[in-house]
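See structure below.
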Amino acid sequence: MRLSRYFLPVLREDPKEAEIVSHRLMLRGGMIRQEAAGIYSWLPLGLRVLKKIENIVRREMDRAGALEMLMPTLQPADLWRRSGRYDDYGKEMLRIVDRHERDLLYGPTNEEMVTDIVARFVQSYKQLPLNLYHIQWKFRDEIRPRFGVMRGREFLMKDAYSFDLTREDGEHAYNRMFVAYLRTYAALGLKAIPMRAETGPIGGNLSHEFLILAETGESQVFFDAAFHEKDWAAFDIDYDDRAAVARVVEEFTTMYAATEEMHDNVKFEQQVPEGRRVSGRGIEVGHIFFFGDKYTRPLGAKVLGPDGKEVYLQSGSYGIGVSRLVGAIIEASHDEAGIVWPEPVAPFQVGIINLRQGDAACDSACEGLHDALEKAGMEVLYDDASERAGEKFARMDLIGLPWQVIIGPRGLKDGVAEVKHRATGARENVGLEQVGAYLAESWRAHEGMVWQGRLSSYGSR
RNA sequence: CGGGGCGUAGCGCAGUCUGGUAGCGCACCUGCUUUGGGAGCAGGGGGUCGCAGGUUCGAAUCCUGCCGCCCCGACCA
């Protein structure tokens, strides 16, 4: 993609409404534009990141056996009256009346709807287990939206819902999602620590939230430094092997980790040796719940079991804040110059900077490389603007593409381009002909990496 | 919803106290010179001063009402 044909409205100065880093960088980098408090348009660059995250989430959900579907943003109020949440949810729920005076609402979540679907179509235990999910926009009319897309009113969420015959089956479904979440965050290049959570208005009794560490996190977290030593890479797992899945859950839940609401200082000090007690701020990027028959009972989701008896289904729900993750990742990965995208979610893999636009040698070298890289399947953004070097460097650093190829008359004399790694700042002169191979190899080396920095660098920025 | 603040050109701001018909920097357009970390010179375009009333010969400025946005708190993925 040539920058001259792209739409990337970067801002030189910080918009005054943005306080926290991710919000500032997203606005400055031309990723989003605010339309109202907590409501954003996603510009091309921002959308690319959003889609990458969405696709990784989708891939891992599919891998864990969940089935994608799509439910509407608007829901009939009746469904919510049946579960009793129409009144319970309060003003956070955006209520709408259509031309026939029917009450609708912009869905803040989908337990009622999916449970109703299952109730209608599932009659036998033979149709179980079932895990249905969708990735859809939600709306919660927050009292005070803030932090850009991290706490917007409209947000993109992946929400999955499991349905099982027995409590044991339901818990296995919960465990599967737990493991799928570990894998998902690892695939995004993140370490998200699972912490036992309160169940809040969604209800139920088994619940964990997943937090990534960042200075600007909304809640205080306390955990065992042993989490640092865990293998966070996207390990393989047989999701049907109940014992194996349970073992992973066990492994990640025995170490102490709690948000401030659940924190118990006495236990913390008993369970964690002094040198390993870590405290910091965390951003919640996922939340899973198991709630038994809390929704299936009022909505009549029951099946006949093998014994011919009617049983209410055991269900759980599993959310990942997809749009929130865009901001959260930036909070966890940036420097003074701008965003530092983890490879898997970068909007483009490589940026090419032409330092002397209009110079025949520079132009042809850049164009040749651009075409060759695209042909090789890489996502490339070629800065072909006729601006000064400084502006190009600053812009490329701001939008945080993992690799930059800098081409100017100076290096071209010797037939080389300069390849810069955004995360480390490391630069290397590479022969023009070798750039493609060099990038392909570098990419492979970094792609699957769960960055060491993610956990240990907390507090250093 | 309580407390605080802001709304003037695409962005960041001055001007408001003390009323006189709108300005600065960046960005943008044209030309020339420049070109490895946000260039220089010259010329140029762009604003119903958030909205609605009111006071006044005259309102960005004073008064009243409304709207929007941000920050802190209580609340949340």
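The basis for the numbers below is simple: all heavy atoms, side chains too, and nothing from hydrogens, waters or symmetry mates. Computed from a predicted structure; not experimentally measured. Letters A, B, ... are given to chains in the order of the sequence lines, protein chains preceding strands, and every chain is numbered from 1.
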Which of the following nucleotides, [options], is nearest to the side chain of [X]?
{"X": "Glu13(A)", "options": "C11(B), C76(B), C69(B)", "value": "C11(B)"}
{"X": "Ala37(A)", "options": "C69(B), A74(B), C76(B)", "value": "C69(B)"}
{"X": "Glu17(A)", "options": "A77(B), A74(B), G12(B)", "value": "G12(B)"}

Tell me what [X] touches on the nucleic acid: a base, only sugar-phosphate, or nothing, going by heavy atoms under 4.0 Å.
{"X": "Pro15(A)", "value": "sugar-phosphate"}
{"X": "Glu142(A)", "value": "base"}
{"X": "Ala18(A)", "value": "nothing"}

Would you please name every residue forming a side chain to side chain contact (heavy atoms under 4.5 Å, CB included) with [X], sequence neighbours left out?
{"X": "Asp62(A)", "result": "Arg58(A), Tyr133(A)"}
{"X": "Thr296(A)", "result": "Thr115(A), Phe163(A), Asp293(A), Ala301(A), Tyr312(A), Leu313(A), Ser315(A)"}
{"X": "Lys16(A)", "result": "none"}
{"X": "Ser364(A)", "result": "none"}

Distance check needed: [N] [atom2] versus [X] [atom1], whole Å only.
{"X": "His23(A)", "N": "C11(B)", "atom1": "NE2", "atom2": "P", "answer": "14 Å"}
{"X": "Leu94(A)", "N": "C76(B)", "atom1": "CG", "atom2": "P", "answer": "19 Å"}
{"X": "Leu27(A)", "N": "G12(B)", "atom1": "CG", "atom2": "C1'", "answer": "14 Å"}
{"X": "Leu8(A)", "N": "G10(B)", "atom1": "CG", "atom2": "P", "answer": "20 Å"}
{"X": "Gln34(A)", "N": "G68(B)", "atom1": "CD", "atom2": "P", "answer": "13 Å"}
{"X": "Phe139(A)", "N": "A77(B)", "atom1": "CZ", "atom2": "P", "answer": "16 Å"}

inquiry  = If the condition is side-chain hydrogen bond (donor to acceptor under 3.5 Å, both in side chains), which residues does Glu171(A) pass it with, not counting sequence neighbours?
reply    =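 Per chain and number, Glu171(A) pairs via side-chain hydrogen bond (donor to acceptor under 3.5 Å, both in side chains) with Arg167(A).
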request  = Scan residues 17-33 of chain A for pairs that pass salt bridge (Lys or Arg N to Asp or Glu O under 4.0 Å), counting only residues two or more places apart or in two chains.
outcome  =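 Residue pairs with at least one partner in residues 17-33 of chain A: Asp14(A)-Arg24(A), Asp14(A)-Arg28(A), Arg33(A)-Glu35(A).
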task = Any salt bridge (Lys or Arg N to Asp or Glu O under 4.0 Å) involving residues 315-328 of chain A? Give me the pairs, sequence neighbours left out, ordered by first then second residue.
result =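 Matches after skipping sequence neighbours: Glu218(A)-Arg324(A).
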key: Contact state string [nucleotides 34-39 of chain B, B base, S sugar-phosphate only, - no protein heavy atom under 4.0 Å]   = BSBBBB
ask   = Is there a donor N/O on one and an acceptor N/O on the other, under 3.5 Å, for the side chain of Arg151(A) and the base of C75(B)?
value =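 For Arg151(A), whose side chain was compared with the base of C75(B), there is a donor-acceptor pair (under 3.5 Å).
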request  = Please work out which of the three classes, parallel, tilted or perpendicular, describes the rings of Trp232(A) and Phe252(A), given edges at 30° and 60°.
outcome  =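 Phe252(A) vs Trp232(A) ring planes: perpendicular.
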query = With a 3.5 Å cut-off and no angle check, do the side chains of Gln220(A) and Ser279(A) form a donor-acceptor pair?
reply =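 Looking only at side-chain atoms, Ser279(A) and Gln220(A) do form a donor-acceptor pair, the distance falling under 3.5 Å.
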Just distance, no hydrogens or angles: give the donor-acceptor pairs under 3.5 Å from side chains in residues 386-393 of chain A, sequence neighbours left out.
{"from": "Glu387(A)", "atom 1": "OE1", "to": "Arg395(A)", "atom 2": "NH1", "distance (Å)": "3.0"}
{"from": "Glu387(A)", "atom 1": "OE1", "to": "Arg395(A)", "atom 2": "NH2", "distance (Å)": "2.7"}
{"from": "Lys392(A)", "atom 1": "NZ", "to": "Asn354(A)", "atom 2": "O", "distance (Å)": "2.6"}
{"from": "Lys392(A)", "atom 1": "NZ", "to": "Asp383(A)", "atom 2": "O", "distance (Å)": "3.3"}
{"from": "Lys392(A)", "atom 1": "NZ", "to": "Ala385(A)", "atom 2": "O", "distance (Å)": "2.5"}

query = What closest approach, in Å, do Arg59(A) and Ala187(A) show between heavy atoms, and which atom pair accounts for it?
reply =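 Minimum heavy-atom separation between Arg59(A) and Ala187(A): NH2-CB, 3.4 Å.
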message = For a quick test of reading the model: is some side-chain N or O of Arg146(A) closer than 4.0 Å to OP1 or OP2 of C72(B)?
response =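 So the side chain of Arg146(A) is within the cut-off, an N or O lying under 4.0 Å from OP1 or OP2 of C72(B).
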Quote, to the nearest angstrom, the [atom1] distance that separates [N] from [M].
{"N": "U64(B)", "M": "G5(B)", "atom1": "P", "answer": "16 Å"}
{"N": "U34(B)", "M": "G46(B)", "atom1": "P", "answer": "32 Å"}
{"N": "C6(B)", "M": "G44(B)", "atom1": "C1'", "answer": "33 Å"}

inquiry  = Return the pairing partner of G68(B) with a 3.5 Å limit on both distances, Watson-Crick or G-U wobble; otherwise return none.
reply    =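 In the structure as shown, G68(B) has C6(B) as its Watson-Crick or wobble partner.
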key: Residues in contact with RNA chain B, drawn from residues 40-58 of chain A - heavy-atom cutoff 4.0 Å   =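 RNA chain B contact set from residues 40-58 of chain A: none.
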ask   = How would you list all residue pairs meeting side-chain hydrogen bond (donor to acceptor under 3.5 Å, both in side chains) that involve residues 407-416 of chain A, not counting sequence neighbours?
value =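 Non-adjacent pairs meeting side-chain hydrogen bond (donor to acceptor under 3.5 Å, both in side chains): zero.
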Between the protein and nucleotides 2-7 of chain B, which nitrogen or oxygen pairs come in under 3.5 angstrom?
{"from": "C6(B)", "atom 1": "O2'", "to": "Lys16(A)", "atom 2": "NZ", "distance (Å)": "3.1"}

